[in-house]
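Residue numbering restarts at 1 for every chain, and letters A, B, ... go by the order of the sequence lines.
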Number of protein chains: 2
Amino acid sequence: MPTPHYGQPRYRVIADALRERIESGAIPPGALLPTESALIAEFRVSRGTIRHAIAALREQQLVVTDHGRGTYASSGRPGSGIDEDSARETRQRQVAADTELAALFAVEVGTALVEQQRVSRTNGTVGTVIRTYRMLRAKQ
Amino acid sequence: MPTPHYGQPRYRVIADALRERIESGAIPPGALLPTESALIAEFRVSRGTIRHAIAALREQQLVVTDHGRGTYASSGRPGSGIDEDSARETRQRQVAADTELAALFAVEVGTALVEQQRVSRTNGTVGTVIRTYRMLRAKQ
DNA sequence: AGAAATTTGTCCGTATGTATC
DNA sequence: AGATACATACGGACAAATTTC
């Protein structure tokens with residue numbers, strides 16, 4: 001099979017499926033995810049794609065992987081039981097330029113800019129929020 | 001060639017080398033990193049290893065990658081004051097938390113946060129504006 | 001204690017798709 | 001349209017940590 005990644009790439013589809021199992025409780029916190037081999041068989045993709053999907057979950061700190069052991073669903077927090085719906089780690093949206101951004105980019109106030117927001121947590125608590133602003137890509 | 005990854009894996013060695021260039025100012029904020037092809041030639045490793053290294057930097061939010069364009073250095077960090085022109089573009093101030101920031105940091109709306117703003121220019125024109133928010137007391 | 005099996009980690013090479021220049 | 005550059009996906013091979021026998 002060639003590699004036409006129409007729509008969503010497969011690793012992301014797989015990552016979403018696994019995230020769904022974790023968030024629905026099908027794979028409770030602390031439990032092992034299926035092994036890479038099992039996921040390869042289930043989704044019929046190569047190992048690299050499975051590892052890519054798991055890496056994406058790891059980036060979102062939804063799982064933890066131990067060499068030689070396996071990948072565990074992240075253990076929420078012992079005792080707390082309920083976890084707020086955690087904000088997305090990264091998000092992208094369009095915002096209107098405030099006066100300062102407008103001055104920097106040399107555009108009118110209110111011009112649409114792309115804002116990318118990244119949240120980094122340390123031990124579950126938010127450490128920093130980074131917002132990056134760019135111009136919309138205009139053809140050059 | 002087998003794959004003896006004695007000591008540090010190569011992708012991490014490469015990631016460290018690139019991080020060093022960024023933090024030293026050799027690759028200033030906003031500048032493009034060498035292309036994957038160039039890095040392949042320089043370090044004499046496969047493309048996958050280069051991409052692994054860059055993915056590690058991306059995880060640390062030290063770089064940002066644009067499809068078809070390249071990978072940009074995102075933000076150096078203080079300590080190596082080589083970029084004087086970009087230093088003037090850096091500003092720090094206190095701001096009141098908006099509703100979203102307040103939710104992320106789990107504080108009251110209006111709580112004072114530290115906002116650090118960095119402006120990256122490419123050929124004189126503003127490329128990106130990065131605003132980083134932190135709690136006041138938190139050390140990082 | 002030791003060997004084998006299991007499981008994740010690293011690395012390579014190739015091919016093709018998609019976005020940008 | 002062509003060249004360049006990053007993205008996705010496959011397959012194979014060997015290394016390292018853990019568990020099992």
Side-chain angles (χ1 to χ4, degrees), chain A residues 1-18 27 30-59 62-74 90 92 114 116 134-140, chain B residues 1-18 27 30-59 62-74 122-123 125 127-128:
Chain A
M1 259 121 197
T3 313
H5 38 285
Y6 302 119
Q8 290 249 313
R10 306 168 74 158
Y11 80 87
R12 204 173 305 167
V13 173
I14 295 170
D16 288 341
L18 293 176
I27 302 178
L32 276 172
L33 269 64
T35 67
E36 293 180 354
S37 304
L39 294 172
I40 289 168
E42 177 182 350
F43 292 100
R44 312 239 203 103
V45 295
S46 74
R47 191 170 165 224
T49 302
I50 293 296
R51 288 181 61 77
H52 198 162
I54 292 180
L57 297 177
R58 200 160 35 225
E59 243 172 87
L62 231 82
V63 300
V64 175
T65 301
D66 279 358
H67 191 167
R69 297 181 92 104
T71 296
Y72 298 86
S74 94
T90 82
Q92 193 166 354
V114 177
Q116 184 168 13
R134 303 175 216 278
M135 294 282 289
L136 286 171
R137 298 272 180 235
K139 271 312 189 181
Q140 292 184 0
Chain B
M1 269 151 263
T3 312
H5 39 286
Y6 301 119
Q8 293 257 93
R10 314 190 26 175
Y11 79 87
R12 201 173 307 166
V13 172
I14 295 169
D16 288 342
L18 293 175
I27 303 178
L32 277 173
L33 268 65
T35 68
E36 293 180 353
S37 304
L39 293 172
I40 289 168
E42 176 181 351
F43 291 100
R44 280 181 275 166
V45 295
S46 75
R47 186 151 173 249
T49 301
I50 293 296
R51 287 181 60 77
H52 198 161
I54 292 180
L57 296 177
R58 199 158 39 222
E59 233 170 282
L62 226 80
V63 301
V64 173
T65 301
D66 279 0
H67 192 163
R69 293 190 153 214
T71 297
Y72 297 85
S74 178
T122 310
N123 300 332
T125 66
T128 60

What are the atom names and distances for every N/O pair under 3.5 Å that joins the protein to nucleotides 4-6 of chain D?
| from | atom 1 | to | atom 2 | distance (Å) |
| --- | --- | --- | --- | --- |
| D:dC6 | OP2 | B:Glu36 | N | 2.9 |
| D:dC6 | O4' | B:Gly68 | N | 3.4 |
| D:dC6 | O2 | B:His67 | NE2 | 3.2 |

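- Note that OG1 of B:Thr35 and CD1 of B:Ile40 are 8.0 Å apart. Values are rounded to the nearest 0.5 Å.
- Between the OH atom of B:Tyr11 and the P atom of C:dG9 there is a distance of 9 Å, given to the nearest Å.
- Between A:Arg44 atom CZ and D:dC10 atom P the separation is 12 Å, expressed in whole Å.
- Listed here is the closest heavy atom pair of B:Pro34 and B:Ile27: CD-CD1, 4.1 Å.
- B:Arg44 approaches B:Arg10 most closely through the heavy-atom pair O-NH2, 3.8 Å.
- Going from atom CZ of A:Arg12 over to atom P of C:dG17 covers 18 Å, rounded to whole Å.
- A pairwise comparison of heavy atoms in A:Gln8 and A:Asp16 identifies OE1-OD2, 3.6 Å as the closest pair.
- Going from atom CG of B:Leu62 over to atom OG1 of B:Thr71 covers 12.0 Å, rounded to the nearest 0.5 Å.
- Note that the CZ atom of A:Arg58 and the CD atom of B:Glu59 stand 8.0 Å from one another [nearest 0.5 Å].
- Map A:Ile50 and A:Tyr72 each onto its nearest nucleotide of DNA chain D; the residue landing nearer the 5' end is A:Ile50.
- A straight line from CG of A:Leu39 to P of C:dT7 spans 11 Å, rounded to a whole angstrom.
- Whole-Å rounding puts the B:Ile14 CD1 to C:dT10 P distance at 13 Å.
- Going from atom CG of A:Leu32 over to atom C1' of C:dT6 covers 12 Å, rounded to whole Å.
- The interatomic distance linking B:Ile40 (CD1) with D:dA7 (P) rounds to 13 Å, in whole Å.
- Candidate nucleotides D:dC10, C:dT10, C:dG13 were compared by shortest atom distance to the side chain of A:Arg10, and D:dC10 ranks first.
- For DNA chain C, if you chain together Watson-Crick or G-U pairs that step i with j, i+1 with j-1 and so on, the runs of at least three with distances under 3.5 Å are C:2-21 with D:2-21.
- Residues B:Ile14 and B:Ala53 come closest through the heavy atom pair CG2-CB, 3.9 Å.
- The two residues A:Tyr72 and A:Asp66 make their nearest non-hydrogen contact at CE1-OD2, 4.1 Å.
- A:Ile54 places its CD1 atom 7 Å from the P atom of C:dT8, with the value rounded to the nearest Å.
- Taking 4.5 Å as the limit, some side-chain heavy atom of A:Leu39 sits within range of a side-chain heavy atom of A:Leu18.
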